[in-house]
Every structure is written in structure tokens, then in C-alpha cells.
2 protein chains.
Amino acid sequence: MSAAETSNWQQIHDVVLERIQSRRWKPGDLIPREQELAEEFGCARATINRALQALADSGFLERRRKAGTRVAIHPVRKATLSIPIIEQEIEQNGFTYAYALLTDAVLPPPADIGAWLEVPPDSTVRHVEALHSASGRPYVFEDRWIHLDAIGAAASADFSTVSPNRWLVENATYTRGKITLSAIGAGSRESELLACEPGAALFRLERRTWNKTAVITVANLTFAPGYRMHTML
Amino acid sequence: MSAAETSNWQQIHDVVLERIQSRRWKPGDLIPREQELAEEFGCARATINRALQALADSGFLERRRKAGTRVAIHPVRKATLSIPIIEQEIEQNGFTYAYALLTDAVLPPPADIGAWLEVPPDSTVRHVEALHSASGRPYVFEDRWIHLDAIGAAASADFSTVSPNRWLVENATYTRGKITLSAIGAGSRESELLACEPGAALFRLERRTWNKTAVITVANLTFAPGYRMHTML
DNA sequence: TCGAATAATATGTCCATACATAATATGCAT
DNA sequence: ATGCATATTATGTATGGACATATTATTCGA
């Protein structure tokens, strides 16, 4: 069966993907060589290569030189969750965004945060607490620690109108980040700020951001009850 | 400055990425044409194209025909969270996996689940409840609904030893999925099964899986207290 | 029998070229 | 000026050929 004349790599990509999803080529199976597929589809080997590389990138295929190409055994359950700027997230949902700075201080960090930031024992960091709200209702509590040695400009940043969340996105480049998601019970501080019962189940996002090897900032975001984070796969 | 002889696309990729991250090319900036970069790096335009495409795929660049290539304004905060099979996740952490089937029935779904599964009003679905545990301690409660019309083989699957979680990964292909993450307070059922206080904050993952246009299954996973989900960006 | 050297092979990458396509820029007629 | 047709241009994709590289398979000697 020779495929349609129109031999662009995306169509080949789709045909191959269909063969995988329909189980004509099962997980673990070795699929034909690039040269053979090129003949089947009536195109150059490079075109096949492009299609198969894309499928390998998205985890459907595993490829090794000389060993050939085989269908991935565990069809890679990868979900990409996009981390929006809080302000944008709120406005996209049709609410009015508001921001309030609660505390702002430069001080020696507590031991645990100091360790997370990987700062020398006697250095100081900037600690900011802020509340983001949506149409007047508390949305998320931001607890932010900034490593001033790693990003000097942050020492003079004014967080009274612009949140650290936004300022850092716009002014700090990062090369790597680590996120931890969990559920925590509201303490007295959270229950007060987020207008909920003590002990209420809250969604929490902890994040550490690096530039090269230096930790720039640690952020703990605690969301108001009912928050739901969506993602596709 | 003409770059080194070494012209492979990954090196070009890295050099360009460095220029973005060092803000030599700032967000919104138009970067040189492929032809110009090819001359700078002393390679073919196709090689530049490969490098820039990869950077566009990962969100650092935005490219449009004729308009040129520019640095993305919002450096794409995408985190890929991999969704493992529960059994593997537990064993990777060094615990002993165990599985217990709690209930298993074919019945007409409650209204909300029926709507999620997009089944006709009078049809029946398979409902399975199961508990996964790690070294004897409850780990996650699986509340699973399976659309039998969409995946017939599931009607005769034996879930007494193999969890729906695993069976479906191995036997059902999907083309699309949607995940919702949230925090909920433990109800009486959860507190009993997961050995925690009623009202304890629990991490929850709700998932809907499609094949083409038909919903295959809905899964609600409620994790024991203290569960943390990690991801990189 | 075992291990090391060697051959074979599938994918990885590159090149030079050509044409396709989408978007912008330009020029012309009104 | 305004609107429309046309030229220009940067990226997108395809080709065929070449060589690189990682593995596997084979051969041969100790």
C-alpha cells in the first residue's frame, strides 16, 4: 500500500501514530527501518526520520542506532502543566485581579529555607508575603524568599504594587526549576488570610528556581479552598 | 565572531539558548535570519533550522514565516509532570507494593459520573474501588469508572489481582487525557481507608481519558496524607 | 570456549539545493 | 488617501547523497 502522494512528514507522523494507537504496531514491537518506510511512503529517508524523531520526542517510540526503532512499552504518561503568572490566571478566568503586600523584610533565613536557597549561614535574604485576590476574594497566598546575591536587582525592587511573582518572571531568567505539589491543612495564618476554617484542605505549590547552579528564589503558594489545577496529556 | 568549526545543531541550540538566557537577545527581540546565522556559524541553513525549531518547540522562540524569529515574551512556564503507574511509583521509592480490590460492580452511573463519561442515560458502566498500599501503609485510593461500550474487553477483565490502573495502561490505548489536581478534606470513607483523621487534607488527582472522541474511563485518585507530587521545569 | 578484533547495519547528522507557503511590503489604479 | 493586485522575503519542508556513530553480529585466534 503506497501512501498518498502528499508525503509531508506530519502525515507520516500521523499514520505511524495511528498504527501505534490501533495496536497494529504493539508496545515493544520493532517497526520497519527508515529505508523501508521511505519506500512505502515514496519519500526520502530524511522525511521518515523527521516523523519518527518527532514521535520519539513525544515518547511513542524508542530509537537506538543499529538496534532500530521500537514502540515504547509504557506510552509515556507525560502531562504538561503550564504555570501561569497569577495575575494572568485570574484575569483569564474573568475575575478582577488585586494584589496586597503583607510583609517585606531582609533578614537571615530560617534554617530550612536557608538550606533550600543554598546560601551561606550568615547571609540575608529578602522575604516577602503577599496576597493575590480574585474579584475581592482571596485567591492565593504567596510566601517568597529571594536570594539577593544571585539576583542583585531584586534588592531594590518595589513589591508594593508589583508582586514578586510577576517581577521575577519579568526580571529574572532561570534555567531550571523544581515544583512540588501537595495538600496541606490550613494553619491559623492561612485560615485568616484565605478566609477559611482552620484545618481546611488547601492546595499548595512549592517552587525552587535556579539560574545555572544558583538558587534564585523559593516560593510557596497556598491556594484558597476549592482551587483546581488543570492539565492535559 | 564566527563560532567554532563544530557545527552540530545541538551546539548551535545551546549557544542560542545561552544568548536568550543571558538576555543578549531579549524577550520580543527579532533574532538574525537563518541565512545570517548559517554564515555566522559556518553551516548550512538546514542546521540552523533544526536548532531553532527545537528552541521553538520548547517555547523559547516564536517563529513565523516572513515575519522572522523572535524571542518568546513569556519564557513559557511549562512543567512536564510524568504520571507513573502507581505500582511503579511505589516500587521506585523502595516500598513493597500491595493491591486490594474493595468493590466491583456494573451499574448505571450516578448523574455526574454519567455526564463525565458521556454515556447514554440508561447504560451501565463498571465501577471499581481499590486501595494501593506501600509497605503495608495505605498509599492511594482508586475510584474508577469504566465505559464498557468504549472498551469492551474491560467487561471481562479480572481486577482481583491486577488494578484497573495497570490493566487500563496495558490494555487501553488513549489519544487524549485531562487531569485535574486539587486538595480535599477526608470524608469518613477516605479517613477509614487511608488511615487518617476525618477532614485531613488529601491530595487528589481526577482524570478523564479519551480514545478519539469517546471517553474510556474516569479515575479519581485520593492519596494518603503527606503525598507530594514532584515536577521539573 | 572465550575474548578480541572486525564487519555489518540502522539511526544520527550534515550539506546544497529546490520549491512551497505565509505574511509583509510595495506599487498602481481609483 | 484607499483598496487591491503583485512582488518580496523568511521560514517550512523535501530530496538525495554523504559520512558519523553506536551497537550488534561475525570471524578468528589463543
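Naming convention: chains lettered A, B, ... in sequence-line order (proteins, then strands); numbering from 1 in each chain. This is a predicted model, so every value here is computed, not measured.
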**Request:** Evaluate side-chain hydrogen bond (donor to acceptor under 3.5 Å, both in side chains) for B:Gln21 paired with A:Tyr174, printing each intermediate quantity in order.
**Result:** CA-CA 7 Å; B:Gln21 289 180 334; A:Tyr174 70 94; over 6 Å; no

**Spacing of B:Leu37 atom CG relative to C:dC15 atom P, expressed in whole Å** = 14 Å

**Short side-chain N/O contact from B:Thr47 to OP1 or OP2 of C:dC15, under 4.0 Å** = yes

**Asked** Which nucleotide in the list C:dA16, D:dG12, D:dT15 gets nearest to the side chain of B:Arg45?
**Response** D:dG12

**Request:** From the options C:dT13, C:dA16, D:dT13, select the nucleotide whose nearest atom is closest to the side chain of B:Arg50.
**Result:** C:dT13

**Request:** Examine the side chains of B:Glu87 and B:His132 and answer whether a donor and an acceptor come within less than 3.5 Å of each other.
**Result:** no

**Request:** Whole angstrom is fine here: how far is it from CG in B:Leu30 over to P in D:dT9?
**Result:** 15 Å

**Fill in**
Against the side chain of A:Asn49, the closest entry in D:dT15, C:dT13, D:dG12 is C:dT13

**Asked** C:dG12 C1' sits how many Å from A:Asp57 CG, rounded?
**Response** 13 Å

**Request:** Cation-pi check, A:Arg126 to A:Trp145: give yes when NZ or CZ is under 6.0 Å from the six-membered ring centre and within 45° of the ring axis, no otherwise.
**Result:** no

**Asked** Between C:dT9 atom P and A:Arg65 atom CZ, what is the distance in whole Å?
**Response** 17 Å

**Request:** Name the closest nucleotide to the A:Lys66 side chain, picking from D:dA10, D:dT23, D:dT13.
**Result:** D:dT23

**Request:** In whole angstrom, give the distance that lies between atom CZ of B:Arg63 and atom P of C:dT21.
**Result:** 18 Å

**Asked** So, is A:Gln35 near the phosphate of C:dT9, with a side-chain N or O under 4.0 Å from OP1 or OP2?
**Response** no

**Request:** Could you tell me the separation between the CZ atom of A:Arg70 and the P atom of C:dA10, rounded to a whole number of Å?
**Result:** 13 Å

**Request:** Rounded to the nearest angstrom, tell me the gap between atom CD1 in A:Ile48 and atom C1' in C:dT13.
**Result:** 17 Å

**Message:** In whole Å, I'd like the distance from the CD atom of B:Glu34 to the P atom of C:dT17.
**Reply:** 16 Å

**Request:** Would you kindly compare B:Arg64 and A:Thr69 by the position of their nearest DNA chain C nucleotide and give the one closer to the 5′ end?
**Result:** A:Thr69

**Message:** Taking the nucleotide of DNA chain D with the nearest heavy atom to each, does B:Ala67 or A:Ala44 sit closer to the 5' end?
**Reply:** B:Ala67

**Request:** Check whether any side-chain N or O of B:Gln53 sits under 4.0 Å from OP1 or OP2 of D:dT13, and answer yes or no.
**Result:** yes

**Asked** With distance as the sole criterion, is a donor-acceptor pair present between the side chains of A:Arg63 and A:Thr69 under 3.5 Å?
**Response** yes

**Asked** Between B:Tyr99 and B:Ser163, what is the shortest heavy-atom contact and its length?
**Response** CE1-CB, 3.2 Å

